[in-house]
Amino acid sequence: EAGVVQSPRYKIIEKKQPVAFWCNPISGHNTLYWYLQNLGQGPELLIRYENEEAVDDSQLPKDRFSAERLKGVDSTLKIQPAELGDSAVYLCASSLGQGLDTQYFGPGTRLTVL
Amino acid sequence: GQNIDQPTEMTATEGAIVQINCTYQTSGFNGLFWYQQHAGEAPTFLSYNVLDGLEEKGRFSSFLSRSKGYSYLLLKELQMKDSASYLCAVRDALNAGNNRKLIWGLGTSLAVNP
């Protein structure tokens, strides 16, 4: 069974530029999560989808971040414009059902904003 | 507020036993997860406790005391490859459905020395 797929793995951009990350969850997983993780810290939830509905986006900085999950499968997270402080690893995870059960993480995208 | 405490760093010797503690204060409780994260990689699921007691999985065991808001992860017969960060995460249950939260600790960085 294929795991969670993310691309790109690494991205370097200059500040004020836009950037987008893509995630393909494990087949059949209804719930999809986007996290931000800084070095030496735990994951911080940005947004959680149940199928195509964003059920928790309370920590998403909506002035510059946006996300979508069309057809309840793949998801895209966008930052526009990027700031220096956005440099981090962006993790996508998925879980089978609703209710925050065991999550399976993708390899992450390491973003560096110069 | 919601809070999870873990030691920041721990060091142990190959072949030894180490116990990583996690204490939590959350609005309701409906399960505690332990994840392992090697440097530069995504978190991977280790264990889940929802009832009091010890869950054993090979060299790894996880314990939960709901009355004390306390869990520990026990690693036996330590190997060099166990050097990683260990993340504790608690699922609250005060709110139902989409208002539930998964609260993540900052992680404990374990170094296993020869």
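We name chains A, B, ... by the order of the sequence lines, and we start the count at 1 in each one.
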Handout entry: Selection from B:G107, B:P43, B:C88, B:A39 maximising heavy-atom pairs under 4.5 Å formed with chain A
Key = B:P43
Which atoms of [X] are under 4.5 Å from chain B, going by heavy atoms: the side chain, the backbone, both sets, or neither?
X	value
A:Y35	side chain
A:L45	neither
A:P107	backbone
A:Q103	both

Find out if a path of hydrophobic residues (ILVMFWY) with successive side-chain heavy-atom gaps under 4.5 Å connects [X] to [Y].
X	Y	result
A:F65	A:V113	yes
B:M80	B:L110	yes
A:I13	A:Y90	yes

Can you tell me if [atom1] on [X] sees more than 12 non-hydrogen neighbours from other groups inside 6.0 Å?
X	atom1	value
A:K62	NZ	yes
A:L39	CG	no
A:Q59	CD	no
A:Q17	CD	yes
A:E44	CD	yes
B:K57	NZ	yes

Problem - Point-to-point distance, once rounded to the nearest 0.5 Å, from OH of A:Y33 to CG of B:L102 - result: 7.5 Å
Practice task
To the nearest 0.5 Å, tell me how far A:Q41 CD sits from B:S85 OG.
Solution key: 10.0 Å
Go through the atoms of [X] and report whether side chain, backbone, both or neither lie under 4.5 Å from a heavy atom of chain A.
X	answer
B:L87	side chain
B:Q37	side chain
B:F33	side chain

Practice task
Starting from the C-alpha separation in whole Å, work towards a yes-or-no answer on side chain to side chain contact (heavy atoms under 4.5 Å, CB included) for B:F45 and A:F105.
Solution key: CA-CA 9 Å; B:F45 170 75; A:F105 286 81; over 6 Å; no
Completion exercise
Smallest heavy-atom separation, A:S58 atom then B:K101 atom, equals OG-NZ, 3.3 Å
Completion exercise
Scanning both residues in full, the closest heavy-atom pair of A:G106 with B:A42 reads O-CB, 2.8 Å
Handout entry: Pair A:D101 + B:R91, salt bridge at N-O below 4.0 Å
Key = no
